[in-house]
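Everything on this sheet refers to the single structure shown next.
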Amino acid sequence: MSSTNPKVALVTGITGQDGSYLAELLLSKGYTVHGIVRRSSTENTERIDHLVSDPQILGQRLFLHYGDLSDSSRLMSLVDSIGPDEVYNLAAQSHVRVSFDEPEFTGNTTGLGSTRLLEALRSTGSAARYYQASSSEMFGASAPPQNEETPFYPRSPYGAAKVYSYWMTKNYRESYNMFATNGILFNHESPRRGSTFVTRKISLAAARIKAGLQDKLFLGNLEAVRDWGYAPEYVEAMWRMLQADEPADFVVATGTSYSVRDFLDFCFGHLDLEWQRFVEFDAQFVRPAEVDSLIGDPSRISQATGWEPQVLPPELAKIMVDADLALVGGSPAEAPRA
């Protein structure tokens, strides 16, 4: 890519886990990156502070703009002024359990937000390639393993909103000949995952217990089975989808299956702790409608782009626990004995 004429990417949700890793990836490839940030009375750029604080990056190769997926006029003006080559729509109300408490807000942002962005691209005549962050939660109750042909059966307002976004993306692709693709990403985690998500909740609790800062961890369903991958690898898959000759929809997953109980074993075992001593059940974390098992088949994206997962859940748990142990300043010598 020529340094005098870099590609321009627009990223919604740039301050989230995936957005921060994607920004790093695109910058490493020479892109100019524009990110949309929701206005807040407090700073919410923690995951990209290392980029924002660098004067060689912010205002030179990285630009942040206030905006929101609920504001169609703002999206249209940003698309028109930025003129992106690629658009990555990662913004959403993405917590599944919270979506039951805020179904309308989830539908408005996670669902309709994607339509507003697609319409902004269409109405401004943009030729940008569009990536829609779809989710394995769309499969819901459908039996595993799930692939691109598996019927959708969402079991949450979040999953239902993502199904809507998925079909709108396909509709714009087929109706307006847009390069619009869905990445159906299965669970992907990292040290940047929010602390209310179960994997990070577990890794952080394990580190805090090891450091003597916490006594108990309260969780809901331990039997749920998921296909957990490593977020930095999954944003590479996003980028590869937009480099293809033709737009298509792809499942991104590891093809492995582990339960929440297994993840507890990996995290606490890494610190020589027996999780059974510290974990207690709390019904408030149980979803009104559970998804028992999500296991992806990434064959299609592997064949089409060469993408392959490298970090599997046992190693992922260690990465997250080590990062959280450093975060809390813990030391094995200070930890309670298992």
>> I want to check something: taking the side chain as every heavy atom from C-beta on, are Ser156 and Phe100 in contact at a cut-off of under 4.5 Å?
In response: yes
> Can Phe278 be reached from Leu222 by stepping across I, L, V, M, F, W or Y side chains whose heavy atoms are under 4.5 Å apart?
Replying inline: yes
> So, does Arg240 use its side chain to make a donor-acceptor pair with the main chain of Thr305 at under 3.5 Å?
Replying inline: yes
>> Looking at Ala91, is its backbone amide N or carbonyl O close enough to the side chain of Thr12 to form a donor-acceptor pair, meaning the two atoms are under 3.5 Å apart?
In response: yes
> Hey, any chance Leu22 and Leu58 share a hydrophobic cluster, counting ILVMFWY side chains that come within less than 4.5 Å of each other, even indirectly?
Replying inline: yes
> Taking atom CE of Met168 and atom CG of Asn182, what is their separation to the nearest 0.5 Å?
Replying inline: 11.5 Å
> Is it true that Arg122 and Glu119 make a salt bridge, defined as a side-chain N closer than 4.0 Å to a carboxylate O?
Replying inline: yes
> For Thr254 and Tyr234, what are the C-alpha separation, side-chain angles and deciding distance, and is it a side-chain contact (heavy atoms from CB on, under 4.5 Å)?
Replying inline: CA-CA 10 Å; Thr254 69; Tyr234 281 43; 3.3 Å; yes
> Taking atom types as modelled, is there a side-chain donor on Asp282 or Gln284 under 3.5 Å from an acceptor on the other?
Replying inline: yes
>> Using side-chain contact (heavy atoms from CB on, under 4.5 Å), reason through Met241 and Val252 one step at a time and then give a plain yes or no.
In response: CA-CA 11 Å; Met241 289 181 208; Val252 181; 3.4 Å; yes
> Should Val87 and Phe179 be counted in the same cluster of Ile, Leu, Val, Met, Phe, Trp and Tyr side chains packed under 4.5 Å apart?
Replying inline: no
>> Which heavy atom of Ala23 sits nearest to which heavy atom of Leu51, and what is that distance?
In response: CB-CD1, 4.1 Å
> Roughly how far, to the nearest 0.5 Å, is the CG atom of Asp215 from the CD atom of Glu280?
Replying inline: 10.0 Å
> Is the closest side-chain donor-acceptor distance between Thr106 and Gln93 under 3.5 Å?
Replying inline: yes
>> What I'd like to find out is whether the side chain of Thr110 reaches to under 4.5 Å of the side chain of Tyr164, using heavy atoms alone.
In response: no
>> Looking at every non-hydrogen atom in both residues, tell me the closest pair between Ser293 and Pro144 and how far apart they are.
In response: OG-CG, 3.5 Å
>> Do Leu26 and Leu78 land in one hydrophobic cluster if side-chain heavy atoms of ILVMFWY residues count as linked below 4.5 Å?
In response: no
>> Return the CG to OG1 distance between Leu204 and Thr196, rounded to the nearest 0.5 Å.
In response: 11.5 Å
>> Does Gln243 have more than 12 heavy atoms from other residues, nucleotides or ligands lying within 6.0 Å of its CD?
In response: yes
>> Before we go on, tell me: are the rings of Trp275 and Phe266 under 6.0 Å apart, centre to centre?
In response: no
> Can you tell me if His188 and Glu233 form a side-chain donor-acceptor pair at under 3.5 Å?
Replying inline: no
> Side-chain donor-acceptor pair under 3.5 Å between Ser203 and Asp324, yes or no?
Replying inline: yes
>> Can you tell me if Glu46 has over 12 outside heavy atoms packed within less than 6.0 Å of its CD?
In response: no
> To the nearest 0.5 Å, what is the distance between OG1 (Thr199) and CE (Met320)?
Replying inline: 4.0 Å
>> Restricting to non-hydrogen atoms, name the atom on Leu327 and the atom on Arg200 that form the minimum distance, rounded to 0.1 Å.
In response: CD2-NH2, 3.5 Å
>> If only side-chain N and O atoms count, and only distance matters, is there a donor-acceptor pair under 3.5 Å linking Ser259 with Asp262?
In response: yes
> Which heavy atom in Ser114 sits nearest to a heavy atom in Ser165, and how many Å separate them?
Replying inline: OG-OG, 2.7 Å
> What do you reckon, is OH of Tyr153 surrounded by more than 12 foreign heavy atoms closer than 6.0 Å?
Replying inline: no
> Taking side chain as C-beta onward, heavy atoms only, is Pro247 less than 4.5 Å from Tyr130?
Replying inline: no
>> Looking at Arg61, I'd like to know if its CZ atom is crowded, meaning that more than 12 non-hydrogen atoms belonging to other residues, nucleotides or ligands lie closer than 6.0 Å.
In response: yes
> Would Asp71 and Arg39 pass as an ion pair if we require N to O under 4.0 Å?
Replying inline: no
> Do Arg192 and Ser20 come close enough that some side-chain heavy atom pair is under 4.5 Å?
Replying inline: yes
> Under 3.5 Å, side chain of Asp322 to main-chain N/O of Leu325, donor-acceptor pair present?
Replying inline: no
>> Classify the ring geometry of His34 against His65: parallel below 30°, tilted from 30° to 60°, perpendicular beyond 60°.
In response: parallel
> Rounded to the nearest 0.5 Å, how far apart are CD of Gln132 and CD1 of Ile184?
Replying inline: 10.5 Å
> Do Ile36 and Leu69 have side chains that get closer than 4.5 Å, going by heavy atoms?
Replying inline: no
>> Do Gln17 and Ser190 pair up side chain to side chain, a donor and an acceptor below 3.5 Å, judged on atom types alone?
In response: yes
> Below 4.5 Å, heavy atoms only, C-beta onward: do Ser136 and Asp227 meet side chain to side chain?
Replying inline: no
> Do Asn221 and Val260 come close enough that some side-chain heavy atom pair is under 4.5 Å?
Replying inline: no
> Is there a side-chain contact between Val251 and Arg300, using heavy atoms and a 4.5 Å cut-off?
Replying inline: no
>> Quick one, Val33 with Ile14, criterion side-chain contact (heavy atoms from CB on, under 4.5 Å). Give me CA distance, side-chain angles, the key distance, then yes/no.
In response: CA-CA 10 Å; Val33 178; Ile14 196 170; 4.0 Å; yes
> Which pair of non-hydrogen atoms, one from Leu121 and one from Met178, has the smallest distance, and what is that distance?
Replying inline: CB-CE, 3.9 Å
> Looking at Val321 and Ala207, what are the two nearest heavy atoms and their distance?
Replying inline: O-CB, 4.3 Å
>> Within a 6.0 Å radius of atom NZ on Lys170, are there more than 12 heavy atoms belonging to other residues, nucleotides or ligands?
In response: yes
>> Run Thr15 and Arg47 through side-chain contact (heavy atoms from CB on, under 4.5 Å) and show every step you take.
In response: CA-CA 6 Å; Thr15 59; Arg47 294 183 180 93; 5.7 Å; no
> In a check of side-chain hydrogen bond (donor to acceptor under 3.5 Å, both in side chains) between Arg116 and each of Asp68, Asn108, Thr109, which one passes?
Replying inline: Asn108
> Do Val11 and Tyr21 belong to the same hydrophobic cluster, where Ile, Leu, Val, Met, Phe, Trp and Tyr are linked whenever their side-chain heavy atoms lie under 4.5 Å apart, directly or via other members?
Replying inline: yes
> So, the side chain of Gln146 versus the backbone of Ile295: is there a donor-acceptor pair under 3.5 Å, distance only?
Replying inline: yes
>> As an exercise, state the distance from OH of Tyr88 to CG of Leu25, rounded to the nearest 0.5 Å.
In response: 7.5 Å
> Looking at Arg287, Arg97, Arg155, Lys162, which hits salt bridge (charged side-chain N to carboxylate O under 4.0 Å, His left out) with Glu137?
Replying inline: Arg287
> Just wondering, are more than 12 heavy atoms of other shown residues or ligands nearer than 6.0 Å to CG in Asp101?
Replying inline: yes
> Does the gap between the ring centers of Tyr166 and Phe152 come in under 6.0 Å?
Replying inline: yes
